[in-house]
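Below: one structure, written as structure tokens.
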Amino acid sequence: MAKKELNEDLLAGGSLSSSDDKSDKKADKAAKKSEKAAKKAEKKSAKAAKVRQKLAEKRAAIKKQIDVLKELKADETDEKKLADLDKKIKKLSDKYSAVGASNNNKGLAPRTAKIIKSVVCIVVVVALLFTYVATGTVRKGFIASLSLPAQTLTGVTVTNGEQKAKIKVSTYNYYFAMMYNNLQSTQETYESYGLDLETYNLDVDFDKSLSKQTTTNDDGEEVTWAEYLEEEVIESIKSTYTYYLEAVAANDGEDPEITEDQQSELDETLDEYRETAHEYGYTLSGYLVAAMGKGVTESVFRQEATRAYIAENYEEELSDELASVEYTDEDYEQYLEENEEDLTTVDIRLFECSSEDDAKAFADSLKSDGSNFSDLCVEYASTDFEQKAYADDGYSTELGATKTFLQNNGYAIATAEETDDEDEDAEESYPGLDWLFSSDRKAGDIKQYSTTVVYVLDPASVTDRKTVNVRHILISPITDEDDDTDPTEATDEQWTTAYETAKDILAEFKDGDQTEDSFAELATENSTDTGSSEDGGLYENVVTSEMVNSFNTWCFEDGREAGDTAIIRSDYGYHVMYFVGENDMTVWEYTAQQALASEDSTTTIEELEESYEAKVSWFGSRYFEKDVDIDT
């Protein structure tokens with residue numbers, strides 16, 4: 001803007017000579033303003049570059065996992081195993097899509113049945129607009145600029161009979177752009193990993209009119225892609241506005257405030273869009289209209305993003321409320337009776353060897369009292385990191401392990417026995433788990449099964465171990481504050497530095513008043529665990545096997561008391577621990593409460609969502625966006 005002002009002055013006959021103080025001062029002021037703006041833009045650009053770098057590294061790590069699975073798939077012939085590999089690849093591909101990478105990433109997280117969170121995520125439309133500017137392509141309706149009909153006409157009405165929201169056509173177009181970009185991005189990701197697009201209902205050709213291609217909707221009906229997208233967009237609007245309207249009703253008819261972080265995220269996003277828009281000679285509203293459709297001005301974008309945040313916040317509050325419902329002792333006992341096998345746990349020492357021969361040698365060398373278990377783990381560890389880590393007993397200890405937990409972690413002892421039975425309905429056999437969870441087991445029993453060696457600490461039972469609350473400060477071994485290296489690949493020097501930092505933090509805590517609050521402050525200031533640092537490093541109602549081995553073992557060690565502290569090591573770094581205390585509920589009771597609450601919560605939420613309906617206005621729908629990048 002400063003440059004423009006100077007140009008206007010010169011065109012008007014203004015002078016920049018030293019004899020003209022007024023023009024000189026104006027030029028100086030404009031130059032300073034321009035320099036300040038440039039520095040600000042440079043700072044923002046640098047910050048954005050760091051974020052993009054981190055996200056790119058995360059995507060690279062996920063891609064590496066996918067590539068490994070693709071190699072396995074190429075050599076696999078068994079149809080069942082191929083299907084399993086496809087599922088794993090799809091899951092990782094979804095995760096890959098959910099991580100924004102750079103300005104070349106045009107989409108959101110993968111399309112889901114519930115769109116609230118994906119709508120809250122602000123879509124990056126820089127690359128999309130660049131396509132229009134660079135190629136001269138004119139989006140359908142762009143000449144109409146801000147489009148008065150889109151801003152005034154009602155396109156959809158969401159109501160439950162008591163609460164009602166009239167959704168403008170411009171809002172529909174906002175959601176359409178989100179959905180379209182999401183679909184396109186997801187398709188690109190799946191295609192890049194060799195997944196069959198038709199299998200995942202992603203076989204749309206974006207170079208052709210959506211109204212001239214067909215697909216199958218969720219009801220199994222054949223519809224055009226234009227119709228399919230309209231169905232998805234309306235469902236997205238209905239889902240978001242259901243929770244938005246409920247939030248407003250619960251707040252005496254007023255919009256609740258969104259969090260400071262959410263407001264900051266929205267403001268920063270729009271600031272970045274504004275800068276990009278100016279680069280192309282657009283106002284922000286003109287930029288958004290060009291990229292997202294008729295009527296999607298800055299005010300519409302801000303309103304809909306804010307309402308989506310409100311909806312997300314209310315949904316989370318409602319979920320938390322429903323998750324904390326208490327039940328009677330009779331309810332818990334009935335749940336235990338019906339799910340005893342799933343609630344039965346074992347305490348064991350366990351090591352997974354690289355080969356069956358190693359496992360046999362490990363078992364043969366293991367003393368009957370298990371006293372050399374850690375020494376053997378170190379001896380048979382396959383990496384330098386594991387050799388150091390397994391010196392700590394906690395690395396090989398599994399407290400409160402269920403059958404499902406052992407299966408999910410891929411231990412050989414929890415694999416199904418291969419059979420020649422062609423009956424698909426035949427029940428799978430797990431001889432390793434049958435041995436481990438047998439009523440004949442006793443403490444000190446040893447078993448080598450395939451590549452697994454296990455030493456029984458406490459045989460199978462439904463224990464009375466209580467859930468616990470704990471705080472921790474994670475110090476990851478990294479090269480610098482912007483490095484996102486896998487801690488298990490860090491150097492010894494980096495691990496030593498992390499340990500020294502952890503010791504300094506614990507010393508600072510002990511030199512202070514040693515209260516839980518002071519520990520929480522240190523966690524907020526120092527912890528690299530983003531999942532808990534904002535809550536002072538707090539994890540509540542921790543159940544056995546929920547955390548990594550060493551963390552879990554320390555929390556549930558016999559004799560643990562409130563106020564205990566320690567430094568322990570895990571794959572993520574060093575944890576400065578603070579034990580808050582035990583809770584009243586046992587692990588199995590808490591598991592039952594969560595399961596019962598989840599079931600009741602699902603019913604309540606389904607009833608809430610079914611109580612709302614979305615009615616499309618025939619006249620307003622004439623102005624809906626229906627195609628993108630096609631001159632129709």
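Only heavy atoms go into these numbers, but all of them, side chains included; no hydrogens, no water, no symmetry mates. Worth saying up front: this structure is predicted, and the values here are computed from it rather than measured.
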task = Taking the side chain as every heavy atom from C-beta outward, state whether Y612 and L245 have any atom pair closer than 4.5 Å.
result = yes

query = Would T171 and E304 count as having a side-chain donor-acceptor pair, cut-off 3.5 Å?
reply = yes

message = Taking the six-membered ring for Trp, are Y335 and Y327 closer than 6.0 Å centroid to centroid?
response = no

key: Sidechain-backbone polar pair: Q213 side chain, D205 backbone, donor-acceptor under 3.5 Å   = yes

ask   = Is a side-chain donor-acceptor pair under 3.5 Å present for S211 with S209?
value = yes

message = For E546 and Y539, which I'm curious about, is there any donor-acceptor pair between the side chains at under 3.5 Å?
response = no

query = With no hydrogens and no angle check, do the side chains of E338 and Q334 hold a donor and an acceptor under 3.5 Å apart?
reply = yes

request  = Please confirm whether the backbone N or O of N181 pairs with a side-chain atom of S185, one donor and one acceptor, at under 3.5 Å?
outcome  = no

remark   = Contacts of T259 meeting side chain to side chain donor-acceptor pair (under 3.5 Å) (sequence neighbours excluded), chain-then-number -> Q262

query = Using the ring of each side chain (for Trp, its six-membered ring), is Y172 parallel, tilted or perpendicular to F624, with breaks at 30° and 60°?
reply = parallel

Test item: side-chain donor near acceptor, N201 and T215, under 3.5 Å = yes

message = Below 30° counts as parallel, above 60° as perpendicular, anything between as tilted: where do the rings of Y180 and F206 land?
response = perpendicular

N160 side chain vs S611 backbone, donor-acceptor pair below 3.5 Å = no

Flag for R307-Y241: side-chain donor and acceptor within less than 3.5 Å = yes

task = Say whether Y244 and D255, considering side chains only, have a donor N or O and an acceptor N or O under 3.5 Å apart.
result = yes

task = May I ask you to decide whether K403 forms a salt bridge with D342, counting only side-chain N to carboxylate O separations under 4.0 Å?
result = no

task = Decide whether T404 and T402 meet the rule of one side-chain donor and one side-chain acceptor closer than 3.5 Å.
result = no

query = Would you say the side-chain atoms of T528 pair up with the backbone N or O of L474, donor to acceptor, closer than 3.5 Å?
reply = yes

ask   = Among side-chain atoms of S264 and E268, is any donor-acceptor pair under 3.5 angstrom?
value = yes

message = If you compare all heavy atoms of A250 against all heavy atoms of Y314, which two are closest, and at what distance to 0.1 Å?
response = CB-CE1, 4.1 Å

request  = Classify the angle between the aromatic ring planes of Y411 and F405 as parallel (below 30°), tilted (30 to 60°) or perpendicular (above 60°).
outcome  = tilted

message = Please enumerate all residues that pass side chain to side chain donor-acceptor pair (under 3.5 Å) together with D571, with sequence neighbours excluded.
response = Y395

